Amino acid sequence: MIKLHNTKTRAKEIFTPIDDKNVRMYVCGPTVYDRAHLGNGRPVVVFDVLYRLLRHAYGEGHVTYVRNFTDVDDKINATALARQQAGAAGSLEDLIRQRTEETIQWYHDDMDALGALRPNHEPRATEFIGPMVAMIEGLIAKGHAYAASGHVLFRVRSYKNYGALSGRSVDDMIAGARVEVAPFKEDPMDFVLWKPSSGEEPGWDSPWGRGRPGWHIECSAMSYELLGASFDIHGGGLDLQFPHHENEIAQSCCAHPDASFARYWLHNEMLQVEGKKMSKSLGNFFTVRDLLDQGYPGEVIRFVYLSTHYGKPMDWTAEKADDARKVLTRWYRQVGLSTGGTPYQPVVDALSDDLNTHEALTQCHALSNAGDFSGLRGSLYLLGFLANGIPEWAKVSGFSDAESGLIQDMLRKRDQAKSQKDYAKADKIRDHLLRSGVVVRDSKTGETEFEKTSSFDIDLLDRLWVEE
Ligand SMILES: Nc1ncnc2c1ncn2[C@@H]1O[C@H](COP(=O)(O)OP(=O)(O)OP(=O)(O)O)[C@@H](O)[C@H]1O
Ligand SMILES: [Zn+2]
C-alpha cells in the first residue's frame with residue numbers, strides 16, 4: 001500500500017490508481033534554454049524514485065510517466081538572439097532549434113548520470129501546438145477564455161475553484177502575486193493562453209493570428225494528449241504550485257468538466273543555498289554538470305538528494321557528498337558478493353510511506369551492518385543505484401567485485417569485533433587478510449582501504465572468510 005502526501009488535500013492519502021494496469025504520472029519538465037542546475041535535478045530524482053516504486057508495485061509495463069520539454073519560451077529566444085548578435089550564423093529559428101537541441105542533449109546526459117530513468121514520453125511543446133490551439137478554442141467556446149489584441153486570455157473568475165490547490169482565494173493571490181496589468185485584460189488576474197509573435201519570433205498560425213502558446217497551456221494540452229483528461233499523479237517543484245499548477249488545473253478542468261484532471265499532486269521542496277531557493281534568476285546556482293566535472297559521481301549526488309525527504313528544503317554541502325561517497329563505496333563493495341536480490345521489505349515500506357527515502361537509506365545501513373548483501377543489492381537497485389553495475393570509482397584496482405566483497409565483509413566483521421572491544425578477534429581478521437595477500441590501511445576518517453600484494457591467494461582468503 002502506497003501513501004502519498006497530496007498537496008490538493010494537504011493530507012497523506014492512500015494511493016489508488018484509476019487503472020492499476022496503467023498508472024499515469026505527469027511531471028513538469030525543464031524550459032530548455034540552459035544547463036540544469038542542482039535544484040532542477042531534485043524533482044528529477046524525486047519523481048524517478050516514485051516512478052521506480054510504482055513500477056515495483058504495479059509492474060514495469062503498467063506505469064506511464066510523462067515529462068515535457070518546454071521549448072517555446074522567451075528565455076530561449078533571448079539566448080538565441082544573443083548568439084546571433086555575437087555573430088553566430090543562421091536564422092533566429094535555426095539558432096533557437098540549435099539551442100533547444102543542445103540543451104535537451106545536455107539534460108539527458110546529466111539526468112542519466114544521476115541514475116534517472118527516461119520517462120515513457122518526453123513531449124516537446126512545439127510538437128503539440130495543434131492540441132493547444134484546440135484546447136484554447138474549446139475554452140473560448142465555453143466562455144472561459146476570450147481573445148483580445150492578438151492574445152487569448154483565461155478568464156480566472158469563470159472558474160470557481162481557482163486557488164483550491166494553494167488554499168488561497170483569488171483576491172489573496174492577486175495581492176501577493178506579480179500580475180501583469182495589460183489594457184486588453186478584463187481582470188488583472190487573467191493569464192495568457194496565446195500571445196502574438198512578431199518578426200523573427202517563433203510563431204504558428206492560429207485563429208488569433210500568428211503567435212505562440214503561453215507556458216501553462218502546454219502542460220494541460222500535453223498531459224491530455226498523452227494521459228487523458230483524468231490521470232493519477234501530477235508532480236513538480238513547490239515553486240510551480242502557484243501560478244503554474246493553479247492555471248493548469250483551471251484550464252484542464254474547464255476544458256474537460258466531467259474529468260478529474262490529476263488526482264494526486266506532489267510537490268518537492270526547494271534545494272537551497274544559504275536559505276534561498278537555488279535559481280537562475282538569483283544567480284546563486286551551480287549546475288549538475290559542474291559537480292560531475294569536479295569529480296562527484298552521479299550516484300553520490302543522487303544519494304545526497306535521497307538523504308532528505310522531498311517535502312523538506314535541503315542544501316548541498318561538500319561534507320554530505322563526502323559521507324555519501326564513503327557509504328556508497330562500502331555498499332558497492334559489499335554487494336560484489338551477491339548477485340540478484342529482491343528489495344528488503346522495510347525499504348519498500350519506507351518508500352511507500354510518502355517516499356521516505358531517508359528511512360530507506362537507514363534500512364540499507366541495517367542490511368549492510370547485518371551482512372545481508374543480496375537484500376542490500378535489491379534495495380539499492382530499487383533506489384536507482386547499480387543500474388549499470390558497480391561503478392568504476394567504487395572498485396579497488398586488481399580485485400574482482402566478488403574479491404572486494406569478500407574483503408569488505410571481513411572488514412565489517414573486524415569493525416564489529418572492535419566495537420565489541422574484542423581486539424584479539426579484530427587483529428586475527430587483519431592477520432588473515434595479510435596472510436592472503438591483502439594489506440589493510442585504516443584512514444583517519446574511519447574508512448579502511450585495502451590493497452593487493454604479490455602473494456594474493458583468493459582460495460586461502462575464501463577459506464579464512466568461511467571460518468570467520
Ligand atoms: N531550487 C530548486 N529546488 C528544487 N526544484 C527546483 C529548484 N528550482 C527549480 N526547480 C524545479 O525544476 C524544474 C524545472 O524548472 P524550470 O526549468 O522552470 O526551472 P527554471 O525556472 O529555469 O529555474 P529557476 O527556478 O532557477 O529559474 C521544476 O519542476 C522546478 O520546480
Ligand atoms: Zn507544467
Side-chain angles (χ1 to χ4, degrees), residues 297 299-300 303 306-307 321-347 350 358-383 385-386 389-453 456-468:
E299 295 92 337
V300 167
F303 189 107
L306 298 189
S307 54
D322 291 344
D323 286 346
R325 188 196 288 263
K326 274 180 219 154
V327 171
L328 272 177
T329 302
R330 189 164 63 240
W331 292 355
Y332 278 138
R333 289 182 188 165
Q334 288 179 326
V335 300
L337 264 189
S338 71
T339 51
T342 46
Y344 182 47
Q345 193 55 39
V347 170
H358 178 85
E359 174 62 18
L361 292 177
T362 303
Q363 292 298 335
C364 287
H365 274 292
L367 292 167
S368 161
N369 292 337
D372 179 352
F373 305 132
S374 85
L376 182 59
R377 180 179 271 273
S379 302
L380 286 176
Y381 192 78
L382 177 63
L383 288 165
F385 298 97
L386 281 171
I390 299 173
E392 283 306 314
W393 58 266
K395 296 190 179 194
V396 193
S397 88
F399 293 113
S400 71
D401 293 348
E403 288 164 358
S404 294
L406 228 138
I407 298 164
Q408 197 66 49
D409 196 40
M410 302 269 290
L411 293 174
R412 177 182 69 91
K413 289 173 180 163
R414 177 169 165 255
D415 282 346
Q416 261 166 9
K418 275 191 195 168
S419 66
Q420 288 158 3
K421 301 207 169 10
D422 187 350
Y423 298 109
K425 182 169 180 192
D427 288 345
K428 191 174 137 218
I429 294 174
R430 201 171 110 137
D431 291 342
H432 278 349
L433 285 163
L434 207 55
R435 271 171 59 205
S436 327
V438 180
V439 187
V440 167
R441 245 179 305 101
D442 295 313
S443 77
K444 285 191 212 81
T445 57
E447 291 304 297
T448 308
E449 284 303 330
F450 47 91
E451 234 177 88
K452 198 174 196 171
T453 70
F456 180 63
D457 180 347
I458 181 62
D459 295 329
L460 179 60
L461 181 67
D462 205 25
R463 242 180 299 130
L464 295 171
W465 177 69
V466 173
E467 264 176 41
E468 282 310 319

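Owing to the predicted nature of the structure, the values given are computational and were not obtained by experimental measurement.
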Salt-bridge present (Arg412, Asp409; N to O < 4.0 Å): yes
Given Arg330, Lys326, Arg333, Arg441, the one that forms salt bridge (charged side-chain N to carboxylate O under 4.0 Å, His left out) with Glu447: Arg330
Minimum heavy-atom distance between Leu460 and Arg435, given as atom pair plus value: CD2-O, 3.6 Å
Residue pair Gln334 / Ser368: nearest heavy atoms and the distance that separates them: OE1-OG, 2.8 Å
Full working for side-chain contact (heavy atoms from CB on, under 4.5 Å) between Gln363 and Leu367: CA-CA 6 Å; Gln363 292 298 335; Leu367 292 167; 5.7 Å; no
Ring geometry between Trp331 and His365 (parallel below 30°, tilted from 30 to 60°, perpendicular above 60°): perpendicular
Non-hydrogen side-chain atoms of Leu386 and Tyr332 separated by less than 4.5 Å: yes
Separation between CG of Leu411 and CD1 of Ile407, rounded to the nearest 0.5 Å: 7.5 Å
Distance-minimising heavy-atom pair for Gly405 and Leu337: C-CG, 3.4 Å
Nearest-0.5 Å distance that lies between atom OG in Ser397 and atom CD in Glu392: 10.5 Å
CG on Asp422 to CG on Asp427, rounded to 0.5 Å: 9.5 Å
Distance in Å, Leu464 CG paired with Leu433 CG, rounded so as to fall on 0.5 Å steps: 8.5 Å
Rounded distance (nearest 0.5 Å) linking atom CD1 of Ile458 with atom CZ of Phe399: 8.5 Å
Ser379 to Val347 - nearest heavy-atom pair and separation: OG-CG2, 3.7 Å
Polar side-chain atom of Thr329 near backbone of Arg325 as donor-acceptor pair, under 3.5 Å: yes
Pairwise distance CG(Asn369) to CG(Asp415) - rounded to 0.5 angstrom: 9.0 Å
For Ala426 against Ala417, the heavy-atom pair lying closest together: N-CB, 3.9 Å
Any side-chain donor near an acceptor of the partner, Ser436 and Asp457, under 3.5 Å: no
Least distance between heavy atoms, Ala350 atom then Ala360 atom: CB-N, 3.7 Å
Asp442 and Arg414 ion-paired at < 4.0 Å: yes
Contact check, side chains of Leu383 and Cys364, non-hydrogen atoms, under 4.5 Å: yes
Heavy-atom side-chain proximity of Met410 to Phe450 below 4.5 angstrom: no
Side-chain donor-acceptor contact under 3.5 Å, Gln416 with Gln420: no
Pairwise side-chain contact, Val335 with Phe385, heavy-atom cut-off 4.5 Å (strictly under): no
Salt-bridge contact Glu467-Lys425 (side-chain N to carboxylate O under 4.0 Å): no
Beyond-backbone contact of Phe456 with Leu461, side-chain heavy atoms, under 4.5 angstrom: yes
